Amino acid sequence: TRTSLPPDLVVEKQASKTAPPPMYRVILLNDDYTPMEFVVQVLQKFFGKGQEEAMRIMLQVHHEGKGVCGVYPHDIAASRIAQVAQFARARQHPLQCVMEPAG
Ligand code: TYC
């Protein structure tokens, strides 16, 4: 006679209806002219960093040439970059950031 076996457990993953968007790193670039205090202000104002994290990122950019401000979907990354460009240009600072694919 056949041995009775328990039924296999089947767990089906819910199909995702909204795929996660591609993500982009916003990279802050060093230059010789923008004041350190202004860079810290930008990191707080546009990237939601606290004083200590903003200082850490600014010093990393100052010493290593670049640093990550945040990781965002394309449209949000693009608008943060545009906001920083406008804010810096209005005050005659050459500060720039760029984006690169995170994944
Ligand atoms: N290198 C600048 C200075 O010595 C400071 C600075 C830091 C500029 C980070 C840009 O993204 C930057 N005043």
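The shown structure was predicted, so the numbers you read here are calculated from the model rather than taken from an experiment. Start at 1 and go down the list; that is how both ligands and their atoms are numbered.
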Inset, instruction - Please say whether more than 12 non-hydrogen atoms of neighbouring residues, nucleotides or ligands are located less than 6.0 Å from CD in Gln96. - result: no
Inset, instruction - Can you tell me which residues line ligand 1 if we count any heavy atom under 4.0 angstrom from one of its atoms, in chain and number order? - result: Leu28, Leu29, Asn30, Asp31, Thr34, Met36, Val39, Met58, Val61, His62, Leu95
Inset, instruction - Quick one: list whatever passes salt bridge (charged side-chain N to carboxylate O under 4.0 Å, His left out) with Arg89, sequence neighbours left out. - result: none
Inset, instruction - Mind checking ring-ring contact (aromatic ring centres under 6.0 Å, His included) for Phe46 and listing every partner two or more places apart, or none if nothing turns up? - result: Phe87
Inset, instruction - With sequence neighbours left out, write down each residue that passes side chain to side chain contact (heavy atoms under 4.5 Å, CB included) with Gln51, or none if nothing qualifies. - result: Val40, Gln44, Met55
Inset, instruction - Assess Arg80 against Tyr72: is NZ or CZ under 6.0 Å from the centre of the six-membered ring, and within 45 degrees of the ring's axis? - result: yes
Inset, instruction - Measure the CD1-CZ distance between Ile57 and Phe47 for me, rounded to the nearest 0.5 Å. - result: 9.0 Å
